[in-house]
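Structure, as structure tokens:
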Amino acid sequence: MAVLDIRGLSVGYSTPRGELRALRDVSMMVPEGKIVGIVGESGCGKSTLISAIIRLMAPNARVGAGEVRFQGRDLLAETEAQMRALRGTQISMVFQDPMQTHNPVLTVGRQMMDIQYRERLSRAEKRQRAERMLALVGIPDPEARLNQYPFEFSGGMRQRIAIAMALMAKPALLIADEPTTALDATLEVQIIKRLRELQDEIGCGVLFISHHLGVIAELCDEVVVMYAGEVVETGSVRDVFHAPAHPYTRALLECDPGHIKVKTRALPTIPGNIPDLVNLPGGCIFADRCERRHAACAARPTMALAGDGHRAACHLITERETA
Amino acid sequence: MLSFIFKRIGLAAVITILAVSSLFLIVHMIPGDPVSTMLGPRATPEMRAALEARMGLDKPLIAQIGLFFANMLRGDLGMDVFSNRPVSEIVLGQVPYTLVLILVSITWSAVLGIALGSYSAIHRNSLGDRLTGILSVSVIAVPAFVVSLYSLLIFAVKLQWFPAIGAGDAGNWGDQLHHLVLPSLAIGLSWVGYIARLVRASMLEVMGEGHIRTARAFGLPERQIVFGYALRLAILPTVTVIGVGMGFLLSAAVFTEIVFSRPGLGKLVIDSITTRNYPVVMGSVLFSTLIFVASTTLADIVNAILDPRIRAGK
């Protein structure tokens, strides 16, 4: 069974120019105990998607249609109080910028104890739990460090603390929004390793958002590729990265510096820009920038099966089969 | 923390010395001199010279400043030109009235202003927010003496709820508090609006920060997020503004004390300036300076208590 099952989710923002359709008919799932990566460039709707899942959306955001099923419950139908009861217990989050994640004027210990406010534990017990979690994510001398303030920690340490806080309640789903983007490469590897170990231990499902393909390949079991508010390809990391079925995924992989074998002065880019999400073009959303554009692309493609559990929204797949 | 406080107090001492020296010079540049005020136009040059020598006015200015500081440290601020009572005694008799007036005014206006500002920020763009906004800007624009006059007319003369003049009987707390209501309304009213606007703006900024989103993502109760996590950061600028605002409070107190015929530093300064009573002018201005320096220092220390980053000098 899937921990998280999103079906046909559409979210828009009301702007002075009209409705900006940030997510359109997005479907994806996180199977129990699996790590699912979402990859896509800036503005593809990754952040809108996670804020819709935990229902902490911007005031001008509006859900048009769809379901966000978490352990079978539709989160979009829950009351605010029910949602709040889930946050931090069943669903936890790690945010992108560790320098902004913690309250700057409260000690780390206080913040870690505050989030346990639902537990029927004494202060000393809560403190001990916090201490254990810090030790678990590899913070030396956790007892003393609980009395310190966030500014006394480095960025990498703060992100570990954020992970410790997120996993303290042993959630069923962890959402990590580009947790390593603000860190340097060596730290990134450490954090990813630690996250993988902890996930193994707790057995939670993880939704891991990143635009770093290498990290996704390293960490995730499955991957969802998003483009301009739509899911264009889903499948196992192996399938999607080795045999990309959607031209966008292919282009994305070609642009990844990690994949480039030849020495070059200029890194490759995908020509063109993301379409205007207020005045959407008809047909395939990627058509404008696609190398393989042809007549069929004037119609919107549906997700087609490209292999076992591997789907992509491209006309080429069905055309190859029928041809 | 302790080293921060010591450093800050040392700085305050330096500021006081500089401020008092320049005050000394400024007072001496005012046309008119105490000798002719005291002795009148018919004094002989010998009488004038004798009095100047007694008051030290014949010495060079730098020596006079040095003498002033030396005496100040001994608690001797000179003698009142007219009554021949020690200045320190006269000023210290007035300081409590002004201090109580200012502290009561800023306390009630800060409490109300912070509450209104937080409310406005949380219920942004609601009717209450808009109403608070309009009222705030209106009261900011009204000077203290206008509020003094109208509150006098309405609450003291017409409705007769509060006394119009004086500070109440000495020793009778209830009576003194009763006398304090209108003056502190006059001084505090514009501060309510000012602080409300300030707190609203900084609260909105803080509520948009990443750590508030974290707190929400962990399901913390909204009340704890606002009062436990956001407010502490949102009032930092307000604390600084109140500390520096002590200068405006003191000048507002001058008007208010005159309108309500309350004893206090403000009234003392005005009376002694019009009579060229140098020692009393210096003494009362000195105390105003001390109050001002103390309040900015205190504001810095309060901020350091609220924000560990300031304590660490980051």
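Sequence lines set the chain letters: A, B, ... in the order given, protein chains first and strands last, and positions in each chain run from 1. Quick caveat: nothing in here was measured; it's all calculated off a predicted structure.
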Decide if atom [atom1] of [X] counts as having more than 12 heavy atoms of other residues, nucleotides or ligands within a radius under 6.0 Å.
| X | atom1 | result |
| --- | --- | --- |
| B:Phe255 | CZ | no |
| B:Arg124 | CZ | no |
| B:Phe4 | CZ | yes |
| A:Glu143 | CD | no |
| A:Phe153 | CZ | yes |

Heavy-atom contact with chain B under 4.5 Å, split by part of [X]:
| X | value |
| --- | --- |
| A:Asp114 | both |
| A:Leu106 | side chain |
| A:Met99 | neither |
| A:Arg55 | neither |

Does a side-chain heavy-atom distance below 4.5 Å link [X] with [Y]?
| X | Y | answer |
| --- | --- | --- |
| B:Pro221 | A:Arg84 | yes |
| B:Thr214 | A:Met93 | no |
| A:Gln111 | B:Phe218 | no |

| task | Below 4.5 Å from any heavy atom of chain A, which atoms of B:Leu306 appear? Answer side chain, backbone, both or neither. | result |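 Backbone only.
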
| message | Can you tell me which portion of B:Arg216 sits under 4.5 Å from chain A's heavy atoms? Options are side chain, backbone, both or neither. | response |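 For B:Arg216, the contact with chain A is made by backbone and side chain together.
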
| Backbone N/O of B:Asp307 and side chain of A:Tyr149: donor-acceptor pair under 3.5 Å |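 Looks like no, no N/O pair under 3.5 Å.
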
| Which one of B:Gly228, B:Ala217, B:Ala230 has the most heavy-atom pairs closer than 4.5 Å to chain A? | B:Ala217

Over all heavy atoms of both residues, which pair between [X] and [Y] is shortest? Give the atoms and the distance, please.
| X | Y | result |
| --- | --- | --- |
| B:Arg309 | A:Val105 | NH2-CG1, 4.2 Å |
| A:Pro104 | B:Pro308 | O-CG, 3.7 Å |
| A:Leu56 | B:Arg213 | CD1-O, 4.2 Å |

